Participant: 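Starting off with a structure, shown below.
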Amino acid sequence: MALTGRAALLAALGSLPVGIWDPSWTGILAVNAPLLAACACDFALAAPVRRLGLTRSGDTSARLGEAADVTLTITNPSSRPLRAHLRDAWPPSSWEPGTEMAASRHRVTIPAGERRRITTRLRPTRRGDRQADRVTIRSYGPLRLFSRQGTHKAPWTVRVLPPFTSRKHLPSKLARLRELDGRTSVLTRGEGTEFDSLREYVPGDDTRSIDWRATARQSTVAVRTWRPERDRHILLVLDTGRTSAGRVGDAPRLDASMDAALLLAALASRAGDRVDLLAYDRRVRALVQGRTAGDVLPSLVNAMATLEPELIETDARSLTATAVRAAPRHSLIVLLTTLDAAPIEEGLLPVLTQLTQRHTVLLASVADPHIAQMATSRGNTDSVYEAAAAAQSQSERHRTADQLRRRGVTVVDATPEELAPALADAYLALKTTGRL
């Protein structure tokens, strides 16, 4: 039936089910009038959300696994104090699993006309750029019976850099480099070394290093000391194609390759060599050239931060042509790619002479430690089959590596933990023998 008078009014207010009228509602309304007045007053005293001013400051970069603090400054221009709950939203990979709720939510109280700062601590779990999403604010009245809610955009980007875990190997590699530089008693010579200085002969020195002219001018026997040539050019080539997406342990192969490249870049720049970077699959993903020794490592880290494996087959012919254009003659080209038989035999080997004719080539590949474990498994039928499959896989990698070595390529095949120091050792070996 149609409702009229007070019944229609109460039904419109939602205080009465439609079609039912009970005179007792009048009493309920009278009893709750103070509560309704308190709710209306609480709502009116809640600070408006849309007029708030939000700005950001803080960290713009952090290494993977480290914390980044981003500060949000909130200005309350209204005449009412702000009592609010706030959610500072970021992508899920900005925090470790299970910690987002505690890290992104804040309580804040801001008197009228004042500002306050809150800090959100991020701990990203993936490389790349992490961009702030919306800031949601719920403003309460003094009685917390009603609230106002709104969202604001406060843009900010934190770049998550590679962790460079192999940095711990740098001191020992630099010590070997100082030995090569002739700063200790260990001296090396080779067709690619440079004369450094003269010193007095001591028993055990190679007699071929005696400088007879200098000896004739003084009363002691003088020997030449040598140092590796400086200002050599090194091009690091990261294969970002399909094979770099394969996971070894908890990370893609690309991450282990980047870590090894960073250690080599840090070592080579200390040795006085020039280091460039090329990341490629079917097109250039990153290119760093012409950096000074002090700027090369930050530039490489920044360029690698946003690299991700591409699920496409690498074009070896195009990669080789791009590398030749990017490297001057007699450079060291370091290919960080796979040792799988098919990509090497069908892609790289047919065009390899374009590199080896003009440059020294070093290929570094990430080996899966699980394969080595499988090769030693025994005890039941499944284990024996696993061991046979692992042995076949290892045999194919060894055969592929031998094919590359016969063409003059230095090959480094190591697990993710061992790849970086092994690649640095291969670089130092090339310095020692004068091939670089």
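The structure presented is a predicted model; accordingly, all values stated were derived computationally and were not measured.
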Participant: On a heavy-atom basis, which atom in M304 and which in P162 lie closest, and how many Å separate them?
Facilitator: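 Taking every non-hydrogen atom into account, CB-CG, 3.9 Å.
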Participant: Does E100 pair with R87 as a salt bridge, N-O distance under 4.0 Å?
Facilitator: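 Salt bridge flag = yes for R87 with E100.
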Participant: Answer whether the closest heavy-atom distance between the side chains of E308 and T240 falls below 4.5 Å.
Facilitator: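 SC-SC contact between E308 and T240 ruled out.
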Participant: Would you say D69 and T119 are linked by a side-chain donor-acceptor pair, where the criterion is simply a distance under 3.5 Å?
Facilitator: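 D69 and T119 do not have a side-chain donor-acceptor pair below 3.5 Å.
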Participant: Any side-chain donor-acceptor pair under 3.5 Å between H106 and T120?
Facilitator: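 Yes, a side-chain donor-acceptor pair sits under 3.5 Å.
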Participant: Any non-hydrogen side-chain atom of V135 less than 4.5 Å from a side-chain atom of T151?
Facilitator: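 With C-beta onward as the side chain, the pair stays apart.
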Participant: Between the side chains of S383 and N380, is a donor N or O closer than 3.5 angstrom to an acceptor N or O?
Facilitator: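 Short answer, yes.
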Participant: Could you tell me whether D425 and R176 make a salt bridge, using a distance below 4.0 angstrom between a side-chain N and a carboxylate O?
Facilitator: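 The answer is yes: the pair qualifies as a salt bridge.
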Participant: Could you tell me whether the side chains of H233 and D273 share a donor-acceptor contact shorter than 3.5 Å?
Facilitator: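 Absent: no donor and acceptor within the cut-off.
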Participant: Measuring from atom OH of Y427 to atom NZ of K173, what distance do you get when rounded to the nearest 0.5 angstrom?
Facilitator: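 Nearest 0.5 Å value for the OH-NZ distance: 13.0 Å.
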Participant: Under a 3.5 Å distance rule, please check whether R217 uses its side chain to pair with a backbone N or O of T215 as donor and acceptor.
Facilitator: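 Not at all, since once roles are kept as given, no pair shorter than 3.5 Å links the two residues.
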Participant: Are R399 and E345 close enough, and set up right, to give a side-chain contact (heavy atoms from CB on, under 4.5 Å), and what steps lead you there?
Facilitator: CA-CA 11 Å; R399 180 172 57 83; E345 295 176 356; 2.8 Å; yes
Participant: Is W90 close to V70 at the side-chain level, that is, under 4.5 Å between some pair of heavy atoms?
Facilitator: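 In short, these two side chains touch, coming nearer than 4.5 Å.
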Participant: Hey, are the side chains of L54 and L72 touching, using non-hydrogen atoms and a 4.5 Å cut-off?
Facilitator: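 L54 reaches L72 side chain to side chain.
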Participant: Go through the steps to decide whether V288 and D276 satisfy the test side-chain contact (heavy atoms from CB on, under 4.5 Å), and finish with yes or no.
Facilitator: CA-CA 5 Å; V288 178; D276 292 343; 5.8 Å; no
Participant: Above 12 or not: heavy atoms from other molecules or residues under 6.0 Å from CZ of R116?
Facilitator: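 Yes, the 6.0 Å shell around CZ holds more than 12 heavy atoms from other groups.
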Participant: So which atom in L423 and which in V412 form the shortest heavy-atom distance, rounded to 0.1 Å?
Facilitator: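 Closest approach of L423 to V412: N-CG1, 4.2 Å.
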Participant: Name the atoms and distances for all side-chain donor-acceptor pairs under 3.5 Å in residues 356-363, with sequence neighbours left out.
Facilitator:
residue : atom : partner : partner atom : Å
T356    : OG1  : L352    : O            : 3.4
H359    : ND1  : P328    : O            : 3.4
H359    : ND1  : S331    : N            : 3.2

Participant: For atom CZ of R329, decide whether the heavy atoms of other residues, nucleotides or ligands shown that lie under 6.0 angstrom number more than 12.
Facilitator: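 Yes, enclosed.
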Participant: Exactly one of D402, D340, D368 should register a salt bridge (charged side-chain N to carboxylate O under 4.0 Å, His left out) with R397. Which one does?
Facilitator: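 Considering D402, D340, D368, a salt bridge (charged side-chain N to carboxylate O under 4.0 Å, His left out) with R397 is found only for D340.
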Participant: Short question: side chain of S365, backbone of L339 - any donor-acceptor pair under 3.5 Å?
Facilitator: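 Yes: the side chain of S365 pairs with the backbone of L339.
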Participant: For R126, does the CZ atom have more than 12 heavy-atom neighbours from other residues, nucleotides or ligands under 6.0 Å away?
Facilitator: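 No, CZ of R126 has 12 or fewer neighbouring heavy atoms, counting only those of other groups under 6.0 Å.
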Participant: Measuring from D59:CG to R121:CZ, what's the distance to the nearest 0.5 Å?
Facilitator: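 These two atoms lie 9.0 Å from each other.
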Participant: Is there a side-chain contact between L332 and L235 (heavy atoms, below 4.5 Å)?
Facilitator: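 Of all side-chain heavy-atom pairs linking L235 with L332, none is under 4.5 Å.
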Participant: Go through V49 and H152 one step at a time and tell me if the side-chain contact (heavy atoms from CB on, under 4.5 Å) criterion holds.
Facilitator: CA-CA 9 Å; V49 173; H152 288 262; 4.0 Å; yes
Participant: In Å and rounded to the nearest 0.5 Å, what is the CG to CD1 distance from N76 to I110?
Facilitator: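 Those atoms lie 6.0 Å apart.
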Participant: Are E310 and R283 within salt-bridge range, i.e. N to O under 4.0 Å?
Facilitator: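 No, E310 and R283 are not salt-bridged.
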Participant: When rounded to the nearest 0.5 angstrom, what distance separates CG in L300 from CG in L236?
Facilitator: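 Rounded to the nearest 0.5 Å, the CG-CG separation comes to 6.5 Å.
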Participant: Please check if the side chain of T376 supplies one atom and the backbone of Q373 the other of a donor-acceptor pair under 3.5 Å.
Facilitator: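 Yes: the side chain of T376 pairs with the backbone of Q373.
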Participant: Using atom types as modelled and distance alone, determine if a side-chain donor or acceptor of S139 lies under 3.5 Å from a backbone N or O of A47.
Facilitator: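 At least one qualifying donor-acceptor pair exists.
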Participant: Mind checking side-chain hydrogen bond (donor to acceptor under 3.5 Å, both in side chains) for Q403 and listing every partner two or more places apart, or none if nothing turns up?
Facilitator: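 With sequence neighbours excluded, Q403 shows a side-chain hydrogen bond (donor to acceptor under 3.5 Å, both in side chains) to no residue whatsoever.
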Participant: Within a strict 4.5 Å, meaning less than it, do heavy atoms of the W95 and S104 side chains meet?
Facilitator: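 In contact.
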Participant: Tell me, do W156 and Q131 make a side-chain contact under 4.5 Å, heavy atoms counted?
Facilitator: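 Not in contact.
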Participant: Could you verify whether a donor N or O on one side chain and an acceptor N or O on the other, from T157 and R130, lie under 3.5 Å apart?
Facilitator: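 There is no such pair (donor and acceptor under 3.5 Å, judged by atom type) between the side chains of T157 and R130.
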Participant: For T410 and L430: C-alpha separation, side-chain torsions, deciding distance, then whether side-chain contact (heavy atoms from CB on, under 4.5 Å) applies.
Facilitator: CA-CA 9 Å; T410 301; L430 292 174; 4.2 Å; yes
Participant: Would one find more than 12 heavy atoms of other residues, nucleotides or ligands at under 6.0 Å from atom CZ of R138?
Facilitator: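 Atom CZ in R138 is not crowded, with 12 or fewer foreign heavy atoms closer than 6.0 Å.
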Participant: Please tell me if the side chains of L349 and T400 come closer than 4.5 Å, counting only heavy atoms from C-beta onward.
Facilitator: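 In short, these two side chains do not touch, never coming nearer than 4.5 Å.
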Participant: Looking at D88 and R134, is there a salt bridge between them, counting it only when a charged N and a carboxylate O are closer than 4.0 Å?
Facilitator: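 A salt bridge is absent here (no side-chain N lies under 4.0 Å from a carboxylate O).
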Participant: Which heavy atom of L307 sits nearest to which heavy atom of A279, and what is that distance?
Facilitator: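 That would be CD1-CB, 3.8 Å.
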Participant: Does CZ in R282 sit with more than 12 non-hydrogen atoms of other residues, nucleotides or ligands closer than 6.0 Å?
Facilitator: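 More than 12 heavy atoms, drawn from other residues, nucleotides or ligands, come within 6.0 Å of this atom.
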Participant: For S318, does its backbone N or O pair with a side-chain atom of T322 as donor and acceptor, under 3.5 Å?
Facilitator: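 Looks like yes, one N/O pair under 3.5 Å.
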Participant: In Å, rounded to the nearest 0.5 Å, how long is the span from NE2 of H370 to OG1 of T415?
Facilitator: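 So the gap between those two atoms works out to 14.5 Å.
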Participant: Applying side chain to side chain contact (heavy atoms under 4.5 Å, CB included) between D281 and each of T314, L238, L319, report the one that passes.
Facilitator: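 Option passing the side chain to side chain contact (heavy atoms under 4.5 Å, CB included) with D281: T314.
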Participant: Restricting to non-hydrogen atoms, name the atom on V160 and the atom on R63 that form the minimum distance, rounded to 0.1 Å.
Facilitator: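 Minimum heavy-atom contact is CG1-C, 4.4 Å.
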Participant: Report, as yes or no, whether the 6.0 Å neighbourhood of atom CZ on R317 holds more than 12 heavy atoms from other residues, nucleotides or ligands.
Facilitator: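 No, the 6.0 Å shell around CZ holds no more than 12 heavy atoms from other groups.
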Participant: Taking all non-hydrogen atoms of both residues, which atom of Q218 and which atom of V221 are closest, and how far apart?
Facilitator: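 Result for this residue pair: NE2-C, 4.4 Å.
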Participant: Ignoring hydrogens and angles, state whether a donor on the side chain of S78 or R51 is under 3.5 Å from an acceptor on the partner side chain.
Facilitator: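 Judged by distance alone, the side chains do not pair up.
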Participant: Using residues 248-268 as the side-chain source, report each donor-acceptor pair under 3.5 Å to any protein atom, sequence neighbours left out, with the distance given to one decimal.
Facilitator:
residue : atom : partner : partner atom : Å
R253    : NE   : V366    : O            : 3.4
D255    : OD1  : R127    : NH2          : 3.1
S257    : OG   : R253    : O            : 3.2
D259    : OD1  : T165    : N            : 3.0
D259    : OD1  : S166    : N            : 3.3
D259    : OD1  : S166    : OG           : 3.3
D259    : OD2  : T165    : OG1          : 3.3
D259    : OD2  : S166    : N            : 3.3
D259    : OD2  : S166    : OG           : 3.2

Participant: Distance check, rounded to the nearest 0.5 Å: R117 atom CZ versus T75 atom OG1?
Facilitator: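 Separation between the atoms: 9.0 Å.
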Participant: Are side-chain N/O atoms of N302 and R159 paired as donor and acceptor at under 3.5 Å?
Facilitator: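 Side-chain D/A pair, N302 to R159: present.
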Participant: State whether the number of non-hydrogen atoms from other residues, nucleotides or ligands found under 6.0 Å of R115 atom CZ is greater than 12.
Facilitator: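 12 or below, so no.
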Participant: Closest approach of A84 and I137, non-hydrogen atoms and distance?
Facilitator: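 Between these two residues, the closest heavy atoms are CB-CG2, 3.7 Å.
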Participant: Counting only heavy atoms not in R144, do more than 12 sit closer than 6.0 Å to its CZ atom?
Facilitator: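 Yes.
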